[in-house]
Protein chains: 2
Amino acid sequence: MPVTVRQVAAKAGVSPVVVSRVLHNKATSVRVSEATAIRVREAAKELGYRCNVLARNFRNQQTRMIGVLHGVGFERPSFDQGPRYFACLMDGVVEGAFKHGYSVTLCPHLLGSTPQEAMNDGRFDGLVWYSAAPSEENRRMLLEATVPLVVIHGHKGEFGDQLPTVICDNDQGIDLAVEHLFNLGHRRIAFALGGDVITIESFSRLTAFQNSMARRDAPVNDCDIVHISPDFEELDEFLRAKDRHTAVISHTDKLAGQILERAPKLGVRIPDQLSVIGFDSTAYCRELRPALTSVNQPLAMMGERAIDLLMEIIGGAPPLSPHVVLPCGLDIRESTSPVSI
Amino acid sequence: MPVTVRQVAAKAGVSPVVVSRVLHNKATSVRVSEATAIRVREAAKELGYRCNVLARNFRNQQTRMIGVLHGVGFERPSFDQGPRYFACLMDGVVEGAFKHGYSVTLCPHLLGSTPQEAMNDGRFDGLVWYSAAPSEENRRMLLEATVPLVVIHGHKGEFGDQLPTVICDNDQGIDLAVEHLFNLGHRRIAFALGGDVITIESFSRLTAFQNSMARRDAPVNDCDIVHISPDFEELDEFLRAKDRHTAVISHTDKLAGQILERAPKLGVRIPDQLSVIGFDSTAYCRELRPALTSVNQPLAMMGERAIDLLMEIIGGAPPLSPHVVLPCGLDIRESTSPVSI
DNA sequence: ATGAAAGCGCTAACAA
DNA sequence: TTGTTAGCGCTTTCAT
């Protein structure tokens, strides 16, 4: 039923090859006389010819599709739930891909019997992977990919320098937060981490905090680091010791949100008695009361740059700078105020 | 370089067909002796065989991919910006697709030289289209689709009953809002619309409002309908006439947000002097002050049901009920309160 | 400038 | 139960 090059060829009185050349081959090296080209185009139009992309993809072994992998075990991402990095990131990824004439596909773990299979079976010309904390198994899978792959939120050394990465500048972002607090007169500043595991990510931000403080002659001690666990034990202790710190920088917005929720229960007013800064500056910050001051990652830009990188690799050129680091900003909202003397 | 069925066949001492049958044909009708099946599987494993999906897709003329089209002129959707229906919807779409073993692809208008081409060239087994207000051109395109297509947020008659639709129950949703206000003692209730155009959507909700009020013996007059235009002229007038109404239901959250922003400037306190209800109940409601009470659409469920419908059609069965209508809920927040006497 | 041949890897249909 | 044949629609040689 569908019209093929052959039929168009017959109608135009040429061979299928010519039809293909006229209709699909954008290269300048195609030499077909203008007269026949016109005949072919007319025939195609009359017959309502449409190229079968599946045949073409097969023939060329490329799909002009980018696959997006996500999270531990390639779990399904949510655009709406949770802290919504993913939504922001994806806006950039989609923007970047469309710009290059590619489309973007969300891959469930169930494509193929194993993720590796789906990753490498040719259905995608390239892959983007995103997660702040890859499992060891994930790392192995990613390193074994036979398809061009860029890791968003990947740290330079995390994949033995073998995979290109895009990440925000944690050092500079944390420094922005510290600077803001210093400008408000704060000196006794704490840093909040998730209680469970130290990821390469939280470690990176903690180190950034230590360095930033050290540069300002305010070295960080153990007692300046709060580990927030699900039972809030250490957090509550921190909040009760009212006079120890006047401000706290949290490793993530989520943790900062927990501080904001917990504080009033223990009689700590924010920001009057304690200024709080988060990291990521997603819409979640605006939903909190008080709205959370937060370091923003240029997530959309990170997504877009990841695709740019991917395109370089797909194009065959080893990327000039395979580790992109993008600067953060600071969104000042209601959870920080001058230190009260 | 890549291993093909042929090579596996050679190694296992069988024909390529048998390999295909053993490795890919999930149907129960495949009759291959267990012994050879094992030999084939071993050979495949040793050689590191991986099925070339592109070849398979080509052969079968199907991709197990769903394409997502969006908005007027097939513009690029944003997951993060704007009112974020799209993010919620997509969570459902992805959930539904993954459940059926399909993946989801975001299609730019630039796939192929025209949208129709990309829609119908075989790269997708089915399509989902979303937009509250399709242009006439869009309508035509959608009706001409040769690929199974479901319209999310489509009204039953909107596409000449030719396309299956999924939508929320505007009547029941608006009734929920009216009921809530009546329970709070409100009787003089206004309805706010965008000033520019009446879409099938806003018309539907307005009608629902009129009916709901009429059922409660509180018929709606013209002066109970506020058209909010970019210059806020009519809105300001409405807000200044303080005593006319004690509550207003808005056609969308966005408009309700404008009321919330505008009111204090004209000395109207919300909710004390005016209760406000929105429609959609996206995260945006929680970002507003006061947080906006709003009718929620079951967006994720709508996305998922759209895919279920699509699967029925792809499966070859004309859907039993091609027009799915899902019930709304009401999220009560801070922008409504009992009428003050 | 155009065409003939050949094949990408897979799998229905039929034959044995 | 297994194998042979054939072809999906396209495009890249290589000849003319």
Side-chain angles (χ1 to χ4, degrees), chain A residues 1-41 43-44 47-64 112 117-118 120-123 125 146, chain B residues 1-41 43-44 47-64 112-113 117 120-123 125 146:
Chain A
M1 195 64 205
V3 184
T4 72
V5 272
R6 222 174 295 283
Q7 294 169 54
V8 177
K11 176 144 190 144
V14 292
S15 84
V17 188
V18 175
V19 177
S20 172
R21 287 210 266 256
V22 171
L23 263 31
H24 307 313
N25 207 329
K26 271 105 182 159
T28 47
S29 64
V30 194
R31 293 157 310 169
V32 179
S33 75
E34 196 48 37
T36 53
I38 289 172
R39 274 211 325 284
V40 168
R41 267 189 277 268
L47 263 43
Y49 167 79
R50 256 191 241 123
C51 175
N52 182 324
V53 220
L54 266 39
R56 203 226 296 258
N57 286 348
F58 169 51
R59 174 61 237 232
N60 299 343
Q61 287 296 308
Q62 56 128 312
T63 59
R64 298 188 77 80
E117 210 172 291
N120 299 314
D121 63 9
R123 87 184 76 204
D125 292 351
T146 60
Chain B
M1 195 64 204
V3 184
T4 73
V5 272
R6 221 175 295 284
Q7 294 168 54
V8 176
K11 176 145 192 145
V14 293
S15 85
V17 185
V18 175
V19 176
S20 172
R21 286 210 266 257
V22 172
L23 263 32
H24 308 313
N25 208 328
K26 270 101 184 164
T28 48
S29 64
V30 195
R31 295 156 308 171
V32 178
S33 75
E34 196 49 39
T36 51
I38 289 172
R39 271 211 329 283
V40 168
R41 269 189 275 269
L47 263 45
Y49 168 78
R50 256 192 241 123
C51 175
N52 182 324
V53 222
L54 266 38
R56 202 225 300 257
N57 286 348
F58 169 50
R59 173 63 237 229
N60 299 341
Q61 287 296 308
Q62 56 127 314
T63 58
R64 299 188 77 79
S113 44
E117 208 172 291
N120 300 313
D121 64 10
R123 86 184 76 202
D125 292 351
T146 61

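Side-chain atoms are counted along with the backbone in the values below, which use heavy atoms only and exclude waters and symmetry mates. Chain identifiers are assigned alphabetically (A, B, ...) following the order of the sequence lines, protein sequences preceding nucleic acid strands; residue numbering begins at 1 within each chain.
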Checking dT2(C), dC8(D), dG7(C) against the side chain of Thr36(A) (C-beta onward), the nearest is dT2(C)
Write out the stems for DNA chain C, ordered by first number and formatted as range with range, counting runs of at least 3 consecutive Watson-Crick or G-U wobble pairs under 3.5 Å. C:1-16 with D:1-16
Whole-Å distance, Asn52(B) CG to dC8(C) P, equals 11 Å
Gln62(A) and Asn57(A) have their tightest heavy-atom pair at O-OD1, 2.9 Å
For Val5(A) and Glu34(B), find the nucleotide of DNA chain D closest to each by heavy atoms; which residue's nucleotide sits nearer the 5' end? Glu34(B)
Could you pull out the closest heavy-atom pair between Leu47(B) and Lys11(B), with the gap in Å? CD1-CD, 3.2 Å
Below 4.0 angstrom, which residues in residues 8-19 of chain B have at least one non-hydrogen atom near DNA chain C? Val17(B)
Grab the CZ-P distance between Phe58(A) and dC8(C) for me, whole Å please. 8 Å
Nearest-angstrom distance from the residue atom CG of Asn60(B) to P of dG7(D): 18 Å
Does some side-chain heavy atom of Val19(B) sit less than 4.5 Å from a side-chain heavy atom of Pro16(B)? no
Contact check, side chains of Asn52(B) and Thr4(B), non-hydrogen atoms, under 4.5 Å: no
Minimal heavy-atom distance between Gln7(B) and Pro2(B), with the atoms involved, is NE2-O, 3.6 Å
Rounded to whole Å, please give me the gap between CD in Gln7(A) and P in dG9(D). 9 Å
Respond yes when some side-chain nitrogen or oxygen of Ser33(A) is under 4.0 Å from OP1 or OP2 of dT2(C), and no when none is. yes
Whole angstroms only, please: what is the CG-P distance between Asn57(A) and dG9(C)? 15 Å
Quick one: Arg56(A) CZ to dT12(D) P, roughly how many Å, whole number? 10 Å
Nearest whole angstrom, please: distance from the P of dC8(D) to the CG of Leu54(B). 19 Å
Between dA12(C) (P) and His24(B) (NE2): distance, integer Å: 11 Å
Partners meeting salt bridge (charged side-chain N to carboxylate O under 4.0 Å, His left out) with Arg41(A) (sequence neighbours left out): Glu34(A)
Side-chain contact test, heavy atoms from C-beta onward, threshold under 4.5 Å: evaluate it for Asp125(A) versus Arg64(A) and give yes or no. yes
Return the minimal non-hydrogen interatomic distance between Gly13(B) and Arg39(B), and the atom names on each side. O-NH2, 4.1 Å
Correct closest heavy-atom pair for Tyr49(B) and Val8(B) would be CB-CG2, 3.6 Å
